[in-house]
Every structure is written in structure tokens, then in C-alpha cells.
Amino acid sequence: MRKLELHWKILIGMVLGIVFGFAMTQISGGKDFVSDWIQPLGTIFVKLLKLIAIPLILASLIKGISDLKDISKFKNIGLRTIGIYMGTTVVAIVLGLLLVNILQPGDGISTETIDKLTTTYASDSGVTSKLEEATRQKSAGPLKFLEDMVPDNAIAAMSNNRLMLQVIFFTIFMGISLLLIGEKRAKPLKDFFDSLNDVVLKMVDLIMLVAPYAVFALLANVVVSSGDPELLVALLKYAGVVVLGLSLMIVFYCILVKVFTGKNPLWFLKEISPAQLLAFSTSSSAATLPVTMERVEEHIGVDKEVSSFVLPVGATINMDGTSLYQGVAAVFIAQALAFDLPLSGQLTIILTALLASIGTAAVPGAGMVMLVIVLESVGFPADKLAIGLALIFAVDRPLDMFRTVVNITGDATVSMLVAKSVGKLGKPRVKEWDDHLDEVK
Ligand code: ASP
């Protein structure tokens with residue numbers, strides 16, 4: 001396996017995991033075997049990635065800002081990033097709405113299928129927990145997200161991966177203050193964070209050594225815990241529309257990369273592929289973040305000044321795949337349940353899905369929680385929400401895998417565009433996990 005490139009190793013791990021998962025569903029006790037003996041490896045891997053996310057954001061963002069040496073440049077990067085993120089998200093939602101209106105996946109769903117899906121999933125804990133979570137999020141006021149971004153306790157913020165935006169806020173605040181005390185006095189702290197940054201990136205390299213085995217475990221577990229195959233087939237057209245839209249988004253990113261950076265899109269996809277494969281296997285942009293950062297900086301050549309801000313912010317607020325899915329899912333549910341959704345309703349979806357993508361957590365299944373809020377914004381009856389979610393629940397996990405790939409590819413693309421626009425797109429400088437092994441032997 002030594003000579004194979006990382007993405008091939010991961011891909012082989014994934015395929016074997018799927019095959020193994022299917023084999024286990026055929027054997028009695030196979031499911032339990034996978035969840036008792038195989039799944040823990042995947043869970044440990046995801047935990048390791050999450051473990052280093054906060055130290056990585058802290059170290060790399062402080063290094064990024066202090067390397068900038070000029071605060072006005074940071075403002076430039078910040079404004080461009082937010083602007084382009086919103087732009088790509090609107091493209092994603094509009095594309096999703098166009099496809100679902102043209103292809104009408106909800107019209108062919110029979111009443112029996114709807115009944116079957118409703119009885120199977122409407123009171124499933126997966127659906128009810130999402131409805132409860134949505135009610136909690138919805139009761140917040142319009143500026144709540146700004147309020148939530150500011151921590152009142154730095155240590156508490158760093159102790160919770162869901163509070164990534166708070167950590168980003170604190171780190172930017174600290175980075176700017178570090179710039180303002182002058183180079184000489186900032187040096188000790190800057191050196192500390194520079195070194196921490198190198199250490200954390202080395203940790204990413206080490207964790208990635210087990211990635212091919214971990215994705216085997218993750219995918220075997222996805223296969224054994226997936227729903228009734230008959231119900232999956234009934235939703236094939238809907239799933240097909242989502243996947244088609246997501247694939248077109250990847251094409252859209254390739255065009256952006258070519259037009260705005262002049263780089264070969266296939267090269268871009270190849271270099272970013274290990275992060276995409278992990279996004280697919282973990283369904284979590286947050287867990288994938290350390291790998292996305294490593295690929296974008298070392299293998300694509302985006303300077304840390306840009307990537308250290310654009311990527312963590314993107315992982316939390318930019319979810320093009322999720323917003324496309326929300327557009328398609330909302331209209332699909334309306335079509336299947338014969339709920340009238342005029343053009344004005346669809347325009348509302350664009351706005352709420354844009355806001356929902358900012359508010360969606362970067363963890364598996366979060367997109368479905370925000371879908372509830374999108375549905376409510378168009379006046380979807382509250383008593384039918386559980387039925388609506390039940391309709392799409394069976395295919396949610398596989399679609400989550402695909403949309404997370406698009407989410408992180410969008411972040412990587414925007415980091416290239418922003419870097420190019422401020423002259424910070426350089427040459428790749430790949431580091432291997434064993435670069436300094438001779439020195440420490
Ligand atoms: N799992 C997605 C992510 O982490 C969010 C979602 O669409 O559920 O990017």
C-alpha cells in the first residue's frame with residue numbers, strides 16, 4: 001500500500017467497507033458484530049479529528065493574522081469571503097429549486113408509499129428529535145446569531161466544538177491585538193502559536209495514516225444501519241435530483257477555479273479528494289476541517305493568511321450542499337403531500353435556506369433540523385411536519401454524505417478564489433508525516 005496515493009487508499013477502504021457492510025447484513029449477528037467491533041475504530045478516528053479542530057483554528061488563525069502585518073488586509077479578506085460565500089449559496093439554492101421544479105420527483109410518490117414512510121418514520125426518534133431541536137432554534141430572535149458568536153468565557157467556548165464561531169471570534173480578537181502591540185513584544189506569543197500550528201498539522205498527518213482503515217469502519221457501519229431497501233428505492237428519484245444538483249455544484253466550482261484562478265480543475269479535485277472522501281465518510285464538515293485545511297494549504301498552495309480564516313468560517317456558515325438539499329427537499333415534500341407552493345413561497349425558501357445554511361451545525365444530520373425551519377417559513381402546516389420529514393428520512397444519511405462533500409468543496413474553492421484575489425495563492429508545499437524522523441530517531 002506504500003506507493004499508492006492517499007486518496008486511492010481511502011477509496012479502497014471505503015469500497016471494502018461497503019462490501020463488508022453488505023456481507024454482514026446477510027449474516028445473522030452481523031449487524032451487532034459491526035457495531036460492537038468495527039464501528040469504534042471509525043468513532044475514534046472522528047473523535048481524533050474533532051480533538052484537534054479547536055487547537056488548529058487557534059494556532060493557524062493567530063499565525064494567519066499576525067503574518068498579515070496589516071489589519072486592513074484582513075478586512076478585505078473578511079468581506080470578500082462572506083460575499084462569495086453568500087453568492088455560491090444562493091446559486092446552490094436556485095439550482096436546487098430549478099431541478100426540483102423541472103423534474104418533479106414528488107409527483108410520482110403513491111399514497112401507499114407515503115403511508116408506509118409515515119408509519120415507519122413519523123414517530124421515529126430520529127425525526128422527533130429533529131423537530132424538537134428545530135423548535136429550540138426557532139424561538140431565537142433575529143440577531144441571536146450575532147449574540148451567540150461572542151463568547152463570555154474563552155475556555156468554555158474552546159471546550160465545545162459546536163461553539164467554533166465563538167472560538168473564531170476570540171482568536172481574531174486576540175490576533176488583531178497581537179498585531180497592535182508591535183512585532184517585538186508579540187514575538188514570544190507568535191512563536192508559540194507558530195510552533196503549535198506545526199505540531200497540530202503534524203497530528204493531522206499522523207491521524208491520516210489510519211484514515212483508510214477508519215473509513216472502512218465508518219462505511220461498514222453506515223451500510224448495516226441503513227433503512228429498509230424497499231423504501232430507499234421509492235425515494236430514488238428524489239435522491240437522484242439531490243445528487244444531480246450536488247454534482248452540478250462540483251462542476252460549478254470547477255468552472256470558478258478555472259476562470260478565477262487559472263488552475264486546472266481536475267488537479268484541484270485530485271488534491272482536495274482526501275478531504276472530500278472523509279467528508280463523505282464522516283458526514284461532518286467540522287470533523288473534516290483539519291484535513292481540508294491541510295490539503296488547501298500544503299497541497300493547493302493557499303496561504304495561511306487566507307485559509308486560516310476562510311476555511312473554519314466556511315465549515316460553520318457556508319453549506320452549499322445543505323442549502324441545495326433544503327431547497328429540493330422542501331419542494332419535494334410539498335409536491336408529495338400536495339401542498340401548494342407558489343413562486344413567492346419558493347423565493348422565501350431562497351432566503352430562509354441561505355440563513356439556515358449559516359445556522360446549520362457542521363455535524364451529521366444538522367441540515368434536516370434547519371429544513372423544518374425552511375418548511376415553516378413557507379407556511380407548511382405544523383401538524384404535517386413529522387410526515388414531511390418521515391418522507392425523506394430514509395435517504396437522509398446517504399444524502400448527508402454527498403452534501404457534506406459539496407459543503408467542504410465549496411469552502412476550498414472559495415479559499416482559492418479569495419487567495420487569488422489578494423495575491424495569496426502560491427505554490428503547493430507538501431509536508432509528509434515523517435519529514436523530520438531522522439532528527440528524532
Ligand atoms: N452534515 C453536514 C455538514 O457537516 C450538514 C448537513 O447538511 O446536515 O456539512
Side-chain angles (χ1 to χ4, degrees), residues 5-7 56-85 88 168 171-172 175-176 178-179 183 186 190-191 193-205 208 253-276 288-315 318 408-433 435-436:
E5 283 189 81
L6 180 63
H7 58 272
L56 181 61
I57 294 176
L58 205 65
S60 88
L61 197 49
I62 293 219
K63 179 167 166 45
I65 296 179
S66 51
D67 282 351
L68 270 180
K69 300 201 174 69
D70 174 359
I71 306 177
S72 64
K73 271 197 209 143
F74 183 67
K75 197 178 100 205
N76 232 341
I77 293 176
L79 289 178
R80 272 173 217 208
T81 304
I82 307 289
I84 307 179
Y85 273 158
T88 55
I168 294 172
T171 315
I172 293 174
I176 291 177
L178 195 71
L179 271 184
E183 223 168 290
K190 187 172 174 319
D191 285 347
F193 282 112
D194 279 4
S195 171
L196 179 63
N197 180 59
D198 285 347
V199 171
V200 182
L201 282 174
K202 191 54 73 186
M203 291 167 100
V204 178
D205 289 344
M208 287 305 278
Y253 297 139
C254 288
I255 297 172
L256 289 181
V257 166
K258 180 77 202 155
V259 173
F260 291 101
T261 72
K263 301 270 186 201
N264 182 343
L266 294 179
W267 166 82
F268 163 67
L269 289 181
K270 178 169 166 264
E271 296 307 325
I272 197 74
S273 58
Q276 291 176 318
T288 314
L289 178 65
V291 183
T292 317
M293 286 183 90
E294 194 251 4
R295 298 307 294 187
V296 164
E297 283 166 21
E298 294 182 10
H299 296 256
I300 292 186
V302 173
D303 273 8
K304 184 169 282 308
E305 286 98 310
V306 173
S307 60
S308 66
F309 172 74
V310 179
L311 294 175
V313 169
N318 180 53
I408 68 111
T409 311
D411 299 343
T413 307
V414 174
S415 76
M416 274 180 90
L417 301 193
V418 174
K420 179 75 186 176
S421 77
V422 293
K424 298 266 174 210
L425 185 60
K427 292 245 171 319
R429 24 176 201 268
V430 181
K431 292 187 190 136
E432 302 295 343
W433 75 271
D435 281 345
H436 302 281

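Throughout, residue positions are numbered sequentially from 1 according to the sequence presented. The analysis underlying the following values was restricted to heavy atoms, covering all of them including side chains, and did not include hydrogens, waters or symmetry mates.
Residue R295 holds its CZ atom at 6.0 Å from CG of L6, rounded to the nearest 0.5 Å. If you take CG on L56 and CE on M293, they are separated by 4.5 Å, rounding to the nearest 0.5 Å. Note: T288 OG1 to L311 CG = 11.5 Å, rounded to the nearest 0.5 Å. Distance check, rounded to the nearest 0.5 Å: CG of L178 to OG1 of T171 gives 11.5 Å. Taking OH of Y85 as the start and OG1 of T413 as the end, the distance is 9.0 Å to the nearest 0.5 Å. Once rounded to the nearest 0.5 Å, the distance linking CG of L179 with CD1 of I65 reads 7.5 Å.
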Tell me which donor-acceptor pairs under 3.5 Å the side chains of residues 258-268 have, and how far apart each pair is, sequence neighbours excluded?
unit_1 : atom_1 : unit_2 : atom_2 : d
T261   : OG1    : V257   : O      : 2.6
T261   : OG1    : K263   : N      : 3.2
N264   : OD1    : L266   : N      : 2.9

Show me the donor-acceptor pairs within less than 3.5 Å that the side chains of residues 193-200 make with the rest of the protein, sequence neighbours left out.
unit_1 : atom_1 : unit_2 : atom_2 : d
D194   : OD2    : K190   : NZ     : 3.4
N197   : OD1    : K304   : NZ     : 3.4

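With a 4.5 Å cut-off on side-chain heavy atoms, S308 and K63 do not count as touching. Looking at L68 and I77, their side chains come closer than 4.5 Å, going by heavy atoms from C-beta outward. Looking at heavy atoms from C-beta onward, V313 lies out of side-chain contact with N318 at the 4.5 angstrom threshold. With contacts defined as side-chain heavy-atom distances shorter than 4.5 Å, the pair I172/F309 qualifies. L269 has its side chain within reach of Q276: a pair of non-hydrogen atoms, C-beta onward, lies under 4.5 Å apart. Two residues are said to be in side-chain contact when any heavy atoms from C-beta on lie closer than 4.5 Å; M416 and V302 meet this criterion. A heavy-atom distance below 4.5 Å is found between the side chains of V422 and V306. The closest side-chain heavy-atom distance from I168 to L61 is below 4.5 Å.
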Intermediate values then yes/no, side-chain contact (heavy atoms from CB on, under 4.5 Å), V310 and D411:
CA-CA 7 Å; V310 179; D411 299 343; 6.0 Å; no
Under the criterion side-chain contact (heavy atoms from CB on, under 4.5 Å), I'd like the reasoning laid out for D303 against D67: C-alpha separation, chi angles, the key distance, then a yes or no.
CA-CA 10 Å; D303 273 8; D67 282 351; over 6 Å; no
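Here the rule is side chain to side chain donor-acceptor pair (under 3.5 Å) with S307, and of E294, E298, K424, E297 only E297 fits it.
S60 meets the side-chain hydrogen bond (donor to acceptor under 3.5 Å, both in side chains) test with no other residue; sequence neighbours excluded.
Salt-bridge check for E305 with K73: failed, with every basic side-chain N at 4.0 Å or more from each acidic carboxylate O.
Of all heavy-atom pairs between D205 and K431, the closest is OD2-O, 3.8 Å.
Applying the 6.0 Å contact sphere to NZ of K202 captures more than 12 heavy atoms from other residues, nucleotides or ligands.
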